[in-house]
Number of protein chains: 2
Amino acid sequence: MCAMDTADRPDAAADRGPCAAIPADQMDFVRQILDRVGDKWSMLVISALEARPLRYTELQRDAPGISQRMLTLTARQLQQDGLVTRTAYAEVPPRVEYALTPLGRSLHHVVTSLITWVVDHHGQIREHRSSSTTTS
Amino acid sequence: MCAMDTADRPDAAADRGPCAAIPADQMDFVRQILDRVGDKWSMLVISALEARPLRYTELQRDAPGISQRMLTLTARQLQQDGLVTRTAYAEVPPRVEYALTPLGRSLHHVVTSLITWVVDHHGQIREHRSSSTTTS
DNA sequence: CTGGATCCCGCCGGATACTG
DNA sequence: CAGTATCCGGCGGGATCCAG
């Protein structure tokens with residue numbers, strides 16, 4: 001986000017607003033994280049792990065509708081990003097525990113504040129959706 | 001997010017954490033907005049509009065890489081949600097101006113705080129990504 | 001200039017079956 | 001139990017052409 005053309009509009013630098021604070025080289029990265037946040041399963045898993053560490057099967061239970069494939073993929077992503085930890089115990093019945101890292105927890109907090117906004121304003125949005133005033 | 005099974009685990013009510021604050025009937029709605037936030041083009045457009053109202057072509061310029069199809073679709077979505085306004089002037093060369101609504105601006109602020117988090121922690125995430133410590 | 005209509009392909013993600 | 005491998009259908013979204 002934060003439109004970053006401006007290359008051909010030297011005079012437009014003043015128009016860019018607060019977005020100018022975000023270096024262009026971090027833009028793609030920001031989008032990656034934003035995609036992750038917007039991802040249905042990522043947030044579902046993180047939320048499920050918020051209360052306490054969970055095993056694979058428990059995650060499947062606590063993330064309604066997630067498939068094995070997506071659970072595995074999502075978990076791997078979150079692990080690689082350092083948002084969750086994966087601990088495998090070499091036992092007779094294999095056991096693996098997933099847990100939130102401090103980083104993951106802090107992300108969840110931020111997202112929670114966003115959710116709070118949505119809950120606060122979902123009335124207004126619903127309103128606009130029903131009365132889509134085509135001002136033409 | 002905020003795993004909402006618990007139906008078959010009557011004793012698990014205590015585990016749910018802060019997510020219990022979110023009514024189940026708003027969950028799907030929250031996800032819709034979260035998807036919109038995570039959507040590449042939505043945020044790009046909102047950010048572009050933050051500085052000032054823009055015309056169709058200007059939006060195309062300021063949202064690098066967006067296609068006509070996606071610009072039109074995204075704009076319509078945002079308009080229906082009451083996040084932007086679309087004003088068409090019946091002139092000889094057709095002119096349409098898109099502008100952020102207060103609601104849209106407030107959403108952008110929230111998202112900006114999320115972006116701030118990303119910028120603050122992208123170092124840690126990058127670290128974890130490179131040294132994907134497979135704790136097995 | 002501001003879109004609408006169509007075609008079409010890539011890939012996301014569900015379902016299913018198999019393994020250590 | 002905790003995954004991996006494979007198939008495959010749907011659709012998101014780019015490209016292109018057309019219209020008011």
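A note on names: the letters A, B, ... follow the listed sequences, proteins ahead of strands, and every chain is numbered from 1.
Within a heavy-atom distance below 4.0 Å of DNA chain D, the residues of residues 53-60 of chain A found are A:Arg55, A:Tyr56, A:Thr57.
Between A:Gln79 and A:Val84 there is a side-chain heavy-atom pair separated by less than 4.5 Å. The side-chain heavy atoms of B:Arg55 and B:Val96, taken from C-beta on, include no pair separated by under 4.5 Å. Put simply, the side chain of A:Tyr56 does not reach to within 4.5 Å of the side chain of A:Glu97, judged on heavy atoms. Taking the side chain as every heavy atom from C-beta outward, A:Leu59 and A:Tyr98 approach each other to under 4.5 Å. Using a 4.5 Å heavy-atom cutoff, the side chains of B:Gln80 and A:His128 are not in contact.
Nearest-nucleotide mapping onto DNA chain C: of A:Pro94 and A:Ser67, the residue sitting toward the 5' end is A:Ser67. Mapping B:Leu73 and B:Gln68 onto DNA chain D by nearest heavy atom places B:Leu73 closer to the 5' end of the strand. Mapping B:Arg76 and B:Pro93 onto DNA chain C by nearest heavy atom places B:Pro93 closer to the 5' end of the strand.
Contact annotation: B:Arg86 side-chain N/O to C:dG3 OP1/OP2 distance is under 4.0 Å.
Following rounding to the nearest Å, A:Arg95 (CZ) and D:dG3 (P) show an atom-to-atom distance of 13 Å. Atom CG of A:Asp35 is separated from atom C1' of C:dC12 by 13 Å (rounded to the nearest Å). Straight-line distance from the NZ atom of B:Lys40 to the P atom of C:dC12: 13 Å, rounded to whole Å. One atom, CD of A:Glu97, and another, C1' of D:dA2, lie 13 Å apart when rounded to the nearest Å. Remark: C1' of C:dG13 and CD of A:Gln77 are 13 Å apart, rounded to the nearest angstrom. Atoms CZ (A:Arg69) and P (C:dA15) sit 12 Å apart, rounded to a whole Å. Residue A:Leu44 contributes atom CG, which lies 15 Å from atom C1' of C:dG13 at whole-angstrom precision. Look at CD on A:Gln79: it is 15 Å from P on D:dA2, rounded to the nearest Å.
At a cut-off of 3.5 Å, with distance as the only test, a side-chain donor of B:Arg129 or A:Gln32 sits close to an acceptor on the other residue.
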Self-check item: Candidate pair A:Ile66 and A:Val45, rule side chain to side chain contact (heavy atoms under 4.5 Å, CB included), full reasoning
Solution: CA-CA 9 Å; A:Ile66 197 171; A:Val45 167; 4.3 Å; yes
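Using a 4.0 Å heavy-atom distance criterion, A:Tyr98 is classed as a sugar-phosphate-only contact.
Nearest nucleotide to the B:Met70 side chain, out of C:dG3, D:dG13, C:dG14: D:dG13. In this structure, the nucleotide among C:dG13, D:dG3, C:dG3 sitting nearest to the side chain of A:Thr72 is D:dG3.
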